Amino acid sequence: MQYFKRIIDLHKYLSEARANGLTIGFAPTMGALHAGHMSLIHDSKQQNDRTICSIFVNPTQFNDPADLEKYPRTVAEDLDLLYDHACDVVFLPGVAEIYPQEGFHTPELDFEGLTDVMEGAFRPGHFAGVAQVVYRLLNIIRPDRLYMGQKDYQQWTIIHSMLDQLQLPIELVMCTTVREPDGLAMSSRNRRLTPEFREQAPILFESLSACLEAILEGSKDYRHLEKIAKEAILTAGLEPEYFQIADGYTLQVAHPAGLSKRLVICVAAWAGEVRLIDNLYLDL
Ligand code: PAF
């Protein structure tokens with residue numbers, strides 16, 4: 001496994017790989033890696049000749065400075081894990097490498113409401129930061145395929161829209177959420193849960209699953225299902241921010257009489273000081 005901190009060195013590696021006709025898969029991360037990230041590496045390795053993972057805690061996507069400060073940083077363990085999974089290249093840029101003083105061009109994008117709802121409503125500016133850094137990383141790496149997790153379903157949809165708007169020839173692959181045996185979605189934030197909240201946290205997956213099941217059984221009152229789920233989450237001691245049955249493509253509130261071809265059920269909740277998100281989707 002090779003690792004690079006500077007773009008210039010990564011470019012040398014990439015031009016050689018391209019000259020040899022090799023395909024490149026790319027998994028962007030903010031470190032604190034876990035089995036969920038390893039599934040991105042695994043899928044990329046299956047589909048590409050070379051796999052690159054970036055580790056960069058992007059300051060521009062944190063609307064809350066305390067959250068940025070508390071974000072776990074575990075580079076030595078991350079490198080061990082990537083090595084064990086035979087990742088080919090790790091890109092570990094510093095802030096000045098990604099955001100040079102001379103700036104860089106970011107195109108105007110119109111996400112048509114995708115960024116206003118759910119995570120976008122509760123974390124103002126978050127997706128502008130995500131789009132900015134992913135655009136920058138794609139510009140540096142120019143991969144054939146980009147690997148992102150279903151757990152951040154809204155993020156995936158926004159990056160999909162970005163690739164579409166810019167007509168970038170990059171295939172975006174959605175990797176399924178990896179879960180702990182009790183259903184809790186793997187997340188870098190889980191390691192900050194207290195033992196008490198860790199025990200209660202699977203309520204998110206349980207309430208998503210119950211909601212999905214109710215829809216499959218024909219329940220049509222989506223707003224009532226959302227209310228029941230929020231109550232269950234509150235009863236478990238977590239503080240829900242939203243529990244939303246949305247259209248899987250527009251991310252707007254879904255209605256049973258609507259024309260949605262896919263529904264996505266998304267949840268965000270505070271487990272003490274830790275904000276967790278999860279989702280399930282259903283193709284109709
Ligand atoms: O999902 C993440 O970890 C981040 O939002 C990403 C895509 C690496 C951009 O910083």
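In each ligand, atom 1 is the first atom listed, and ligand 1 is the first ligand listed. All values derive from a computational prediction rather than experimental measurement.
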Asker: Which residues pass the salt bridge (charged side-chain N to carboxylate O under 4.0 Å, His left out) test with Arg191, not counting sequence neighbours?
Answerer: none
Asker: Compare all side-chain heavy atoms of Arg275 with those of Glu119 and state whether any distance is below 4.5 angstrom.
Answerer: yes
Asker: List ligand 1's nitrogen or oxygen atoms that come under 3.5 Å of a protein nitrogen or oxygen, with the partner atom and distance.
Answerer:
unit_1: ligand 1; atom_1: 1 (O); unit_2: Gln155; atom_2: NE2; d: 2.8
unit_1: ligand 1; atom_1: 5 (O); unit_2: Gln61; atom_2: NE2; d: 2.9
unit_1: ligand 1; atom_1: 5 (O); unit_2: Gln155; atom_2: OE1; d: 2.7
unit_1: ligand 1; atom_1: 10 (O); unit_2: Gln61; atom_2: OE1; d: 2.6

Asker: Compute whether any side-chain donor of one residue and acceptor of the other, for Tyr153 and Asp278, lie under 3.5 angstrom apart.
Answerer: no
Asker: Can a donor-acceptor pair be found between the side chains of Gln47 and Tyr147 at a distance below 3.5 Å?
Answerer: yes
Asker: Less than 4.0 angstrom from a charged side-chain N to a carboxylate O is my criterion; do Glu231 and Lys227 meet it?
Answerer: yes
Asker: May I ask you to decide if the ring planes of Phe4 and Tyr13 are parallel, tilted or perpendicular, using 30° and 60° as cut-offs?
Answerer: tilted
